[in-house]
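All values reported here derive from a predicted model rather than from experimental measurement. Residue numbers run from 1 in the order of the sequence given.
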Amino acid sequence: MTGGILTLNAGSSSLKFALFAAGEDRPMATGLADRIGPEGALKIKDGTGAPLPRSEGSLASHGAALHCVLDSLRAAFPGQEISAVGHRVVHGGIVHDKPVRLDAAVMAELERLAPFAPLHQPHNLAGIRAAVEAFPQAPQIACFDTAFHRSHPWVNDTFGLPRAYYDRGVRRYGFHGLSYDYIAGEIARTAPTLADGKVVVAHLGNGASLCGIRQGRSIASTMGFSALDGLPMGTRCGQLDPGVMLYLMDQEGMTPAQITDLLYTQSGLLGLSGISNDMRTLEMSEAPEAAEAIAYFTYRIQREIGAMAAAMGGIDAIVFTGGIGENSRLVRERVCATLGWMGVELEPGRNAAHARVISSDVARTTVMVIPTNEELVILRATRALLQGNERTAA
Ligand code: ADP
């Protein structure tokens with residue numbers, strides 16, 4: 001066996017990976033190294049979801065974790081070679097509207113973008129460096145969360161700040177692009193009539209955003225300059241009046257680091273409920289604060305779906321994806337409950353069964369559930385770049 005492709009998604013304290021054999025779209029193995037540091041944990045599964053043993057070894061850093069992952073994969077699949085590595089990278093700036101093969105110049109450019117995503121980009125780059133060290137000869141490909149949104153029209157790309165800030169990169173970049181890219185592809189593959197239409201995709205996981213897609217291209221996204229904007233999330237606040245931040249600094253004397261912590265890790269479902277960032281826990285809780293946190297979450301999604309429909313001049317379909325979007329019938333039901341005015345009508349049995357189409361047969365607007373697959377987007381992009389076929393990689 002030769003020529004496998006490894007996909008890597010390096011987060012602040014995690015390394016998610018998948019290994020694909022040549023020509024296969026189903027992974028041979030997937031896994032997650034979590035809590036990278038002294039308390040690190042590593043879980044690996046084979047293609048059927050059965051657990052695979054992990055090798056001994058430190059998980060103290062991204063580099064150490066990758067070594068441990070590779071040792072485990074070599075033990076499970078002796079002889080399997082890796083011919084390329086595809087990476088998820090949060091920020092590709094204004095230039096990258098498609099995946100790119102990494103070299104020293106691109107790495108330097110991506111490092112310059114780190115201030116735009118200080119909580120994510122440095123970790124993505126640490127994962128790339130670890131992979132280059134492990135596979136110095138293998139092509140390394142970067143796939144950007146921002147790339148899918150580079151088709152935004154200017155009005156959805158800018159803030160109402162003096163123009164110089166836009167020129168310096170203070171823009172609405174949009175994120176979750178690999179997920180939206182996958183969903184756009186699935187719509188084109190399985191529902192071609194919708195592929196030419198206006199679709200709002202709700203990626204609802206720990207991070208959450210909406211994307212308005214018209215004729216396969218991103219028109220608008222609820223996430224903007226950072227992954228904080230738009231919808232409330234597990235621990236992130238979502239849309240916030242900038243005056244709140246001025247107040248926190250001026251009147252409550254909070255430092256940028258304290259505000260960063262508040263907005264990224266203490267807010268959203270966790271902050272509102274005081275119980276958990278996990279939707280399953282909140283759905284099971286009897287506490288009124290849990291119900292209110294879910295109510296705020298679904299209310300903001302409803303509002304933003306309305307805004308997306310306005311931005312696109314109508315709406316033909318809504319697609320739910322991500323851990324919550326794919327699994328929470330309650331959230332889908334609540335979100336759709338007030339959208340009858342735009343032709344949304346759920347069929348409760350289909351929603352309960354997490355069917356692909358969950359709207360009724362007479363509904364004007366189709367509502368779908370499509371499980372996302374960001375790894376497959378990285379895999380395909382990596383393959384396409386290896387074959388010198390960059391255009392289809394986007
Ligand atoms: P990430 O953004 O970290 O990739 P996921 O897409 O895995 O996160 O989504 C995690 C969220 O999905 C959590 O809030 C979790 O509670 C929620 N979730 C997963 N399964 C269910 C379920 N059966 N019902 C409700 N929520 C669920």
Within a strict 4.5 Å, meaning less than it, do heavy atoms of the [X] and [Y] side chains meet?
X    : Y    : answer
S267 : L262 : yes
E292 : S273 : no
M308 : I219 : no
V132 : Q140 : yes
S209 : Y180 : yes
L228 : Y264 : yes
I305 : V344 : no

Which donor-acceptor pairs under 3.5 Å do the side chains of residues 19-44 make with protein atoms, sequence neighbours left out?
{"unit_1": "D25", "atom_1": "OD1", "unit_2": "R383", "atom_2": "NH1", "d": "2.9"}

Does [Y] offer a backbone N or O that forms a donor-acceptor pair with the side chain of [X] under 3.5 Å?
X    : Y    : answer
R214 : K198 : no
S72  : S55  : yes
T158 : V155 : no
T260 : P256 : yes
N124 : A10  : yes
T235 : L270 : no
T321 : I370 : yes
H354 : R329 : no
R350 : S359 : yes

Report yes or no: do [X] and [Y] belong to one cluster of Ile/Leu/Val/Met/Phe/Trp/Tyr joined by side chain heavy-atom distances under 4.5 Å?
X    : Y    : result
L339 : V331 : yes
L282 : V335 : yes
L110 : V90  : yes
L330 : I318 : yes
I301 : V200 : yes

Approximate separation, where rounding is to 0.5 Å, of [X] [atom1] and [Y] [atom2]:
X    : Y    : atom1 : atom2 : result
M107 : L102 : CE    : CG    : 6.5 Å
I324 : M233 : CD1   : CE    : 11.0 Å
N277 : R236 : CG    : CZ    : 10.5 Å
Y173 : D157 : OH    : CG    : 8.0 Å
C336 : N351 : SG    : CG    : 7.5 Å
L125 : H91  : CG    : NE2   : 12.0 Å

**OP:** For E109 and R112, run salt bridge (charged side-chain N to carboxylate O under 4.0 Å, His left out): C-alpha distance rounded to whole Å, both residues' side-chain angles, the deciding distance at 0.1 Å, then the answer.
**Re:** CA-CA 5 Å; E109 188 194 333; R112 278 198 296 278; 5.6 Å; no
Subject >> Lys/Arg-Asp/Glu bridge criterion (N-O < 4.0 Å) met for E283, R280 >> reply: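 Here E283 does not pair with R280 in a salt bridge, since their nearest N and O are not under 4.0 Å apart.
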**OP:** For the residue pair F144 and H96, categorise the inter-ring angle as parallel (less than 30°), tilted (30 to 60°) or perpendicular (more than 60°).
**Re:**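 Answer is parallel, since the angle falls under 30°.
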**OP:** Give the ring-plane orientation class for Y296 versus Y299, where under 30° counts as parallel, over 60° as perpendicular and anything between as tilted.
**Re:**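 Y296 vs Y299 ring planes: tilted.
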Subject >> Atom CD of Q258: over 12 foreign heavy atoms under 6.0 Å >> reply: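 Check passes, neighbour count above 12.
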Subject >> Y165, OH atom: more than 12 neighbouring heavy atoms under 6.0 Å >> reply: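 It does not: Y165 OH has 12 such atoms or fewer within range.
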Does either side chain, that of [X] or that of [Y], offer a donor lying less than 3.5 Å from an acceptor on the other one?
X    : Y    : answer
T7   : E375 : no
H62  : R129 : no
H123 : S12  : no
T190 : R356 : yes
E304 : T222 : no

**OP:** Would you please name every residue forming a side chain to side chain contact (heavy atoms under 4.5 Å, CB included) with Y247, sequence neighbours left out?
**Re:**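 For Y247 the side chain to side chain contact (heavy atoms under 4.5 Å, CB included) partners, ignoring immediate neighbours, are Q251, E252.
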**OP:** Provide the closest heavy-atom pair for V369 versus P371 in the form atom of the first, atom of the second, distance.
**Re:**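 Looking at all heavy atoms of both residues, the shortest contact is O-CD, 4.0 Å.
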